[in-house]
Amino acid sequence: MTRHSLPKALRVRRRQEFIHIRMAGRQVRDAVLRIGYASRDRGSPTRLGLAVGRRLGNAVARNRIKRVIRAAWRKEPGLFPDSLDLVVIPLDQARSRRTADVQRSLRSLAATIRKRQERAQ
């Protein structure tokens, strides 16, 4: 059986990291997703964190949304700039979306983040 999980080095895992991204980072959003992001040390890989609230449904529904986001993330590994910590928060619209819709949303939000980072430099 093939493992589809993200390696620990590519995940935001600690509560303090989530809090840091929330407090010190910036946010972008569309109808499907909200992404909080904060810079890290240069040369480090971009890490992904997921925060799925109970308002999106029971455990089965929340886990499905997380699987869809991770699948969209894996399909385009170089989508986001390097040296970022990301926290992806699905909004109510994410419940009824397919992987392609989430992937489209990730692409557009990644483009927005890239533009913001280019302007900051």
Side-chain angles (χ1 to χ4, degrees):
M1 185 161 109
T2 307
R3 287 193 61 144
H4 293 289
S5 63
L6 292 174
K8 286 183 181 182
L10 298 179
R11 288 186 281 164
V12 176
R13 296 174 29 218
R14 295 190 178 100
R15 183 174 189 272
Q16 276 308 114
E17 293 169 341
F18 279 91
I19 291 171
H20 171 73
I21 295 166
R22 173 85 171 143
M23 302 306 274
R26 299 188 66 191
Q27 289 188 11
V28 292
R29 68 178 289 165
D30 63 6
V32 181
L33 300 173
R34 182 171 68 202
I35 299 178
Y37 64 96
S39 295
R40 295 182 58 203
D41 298 332
R42 286 236 179 255
S44 58
T46 297
R47 298 187 310 165
L48 174 68
L50 296 172
V52 182
R54 287 186 182 166
R55 66 182 167 77
L56 291 177
N58 62 14
V60 174
R62 292 192 309 269
N63 286 334
R64 181 190 176 282
I65 292 169
K66 288 190 272 189
R67 280 193 310 272
V68 167
I69 292 169
R70 282 191 300 261
W73 173 268
R74 274 192 299 272
K75 285 183 180 180
E76 297 189 44
L79 191 59
F80 288 90
D82 283 342
S83 306
L84 285 180
D85 279 347
L86 304 170
V87 174
V88 178
I89 304 167
L91 303 174
D92 290 335
Q93 296 290 323
R95 270 188 275 193
S96 59
R97 302 298 173 130
R98 297 183 325 260
T99 304
D101 298 330
V102 173
Q103 191 171 3
R104 195 173 311 117
S105 177
L106 276 176
R107 256 191 249 120
S108 69
L109 293 174
T112 303
I113 291 171
R114 280 188 186 278
K115 286 178 191 173
R116 283 186 182 179
Q117 292 218 317
E118 287 171 5
R119 271 188 262 144
Q121 292 177 354

Side-chain heavy atoms nearer than 4.5 Å, only ILVMFWY residues, links allowed to pass through others: does that put Ile113 and Trp73 together?
yes
Sub-4.5 Å side-chain heavy-atom contact between Val102 and Leu33
yes
First locate atom CZ of Arg119, then atom NZ of Lys115, and finally report the distance between them rounded to the nearest 0.5 Å.
8.0 Å
Do Leu84 and Ser39 have side chains that get closer than 4.5 Å, going by heavy atoms?
yes
So, taking the atom named CZ in Arg74 and the one named CG in Leu48, what distance separates them when rounded to the nearest 0.5 Å?
10.0 Å
Taking it one step at a time, do Val68 and Arg64 satisfy side-chain contact (heavy atoms from CB on, under 4.5 Å)?
CA-CA 6 Å; Val68 167; Arg64 181 190 176 282; 3.7 Å; yes
Please report the interatomic distance CZ(Arg34) to OG(Ser105), rounded to the nearest 0.5 Å.
12.5 Å
For the pair Thr99 and Lys75, evaluate side-chain contact (heavy atoms from CB on, under 4.5 Å) and give the outcome as yes or no after the intermediate values.
CA-CA 10 Å; Thr99 304; Lys75 285 183 180 180; 3.9 Å; yes
Where the side chain of Ser83 meets the backbone of Arg40, is there a donor-acceptor pair that is under 3.5 Å apart?
no
Measuring from Ile35:CD1 to Arg26:CZ, what's the distance to the nearest 0.5 Å?
13.5 Å
To the nearest 0.5 Å, atom CG of Asp85 lies from atom CD1 of Ile21 at 4.5 Å
In this structure, are over 12 heavy atoms from other groups packed under 6.0 Å from Arg98 atom CZ?
no
Of all heavy-atom pairs linking Ala38 and Gly25, the shortest is CB-CA, 4.1 Å
Taking all non-hydrogen atoms of both residues, which atom of Asp92 and which atom of Leu56 are closest, and how far apart?
OD1-CD2, 3.6 Å
Consider only side-chain heavy atoms of I, L, V, M, F, W and Y, link residues closer than 4.5 Å, and tell whether Phe80 and Ile69 are in one cluster.
yes
Pairwise side-chain contact, Arg70 with Leu50, heavy-atom cut-off 4.5 Å (strictly under):
yes
Looking only at heavy atoms, which two atoms of Ala94 and Val32 are closest? And how far apart?
CB-O, 3.8 Å
So which heavy atom on Gly78 is nearest to which on Arg114, and how close?
O-NH2, 3.1 Å
Does Arg116, at its CZ atom, have more than 12 non-hydrogen atoms belonging to other residues, nucleotides or ligands within less than 6.0 Å?
yes
Looking at every non-hydrogen atom in both residues, tell me the closest pair between Ala72 and Leu106 and how far apart they are.
CB-CD1, 3.8 Å
Distance-minimising heavy-atom pair for Arg11 and Leu6:
NE-O, 3.1 Å
Please report the interatomic distance NZ(Lys8) to CG(Leu10), rounded to the nearest 0.5 Å.
13.0 Å
Can you check whether Val88 reaches Leu109 side chain to side chain, under 4.5 Å on heavy atoms?
no
Check whether any side-chain heavy atom of Val28 lies under 4.5 Å from a side-chain heavy atom of Tyr37, and answer yes or no.
yes
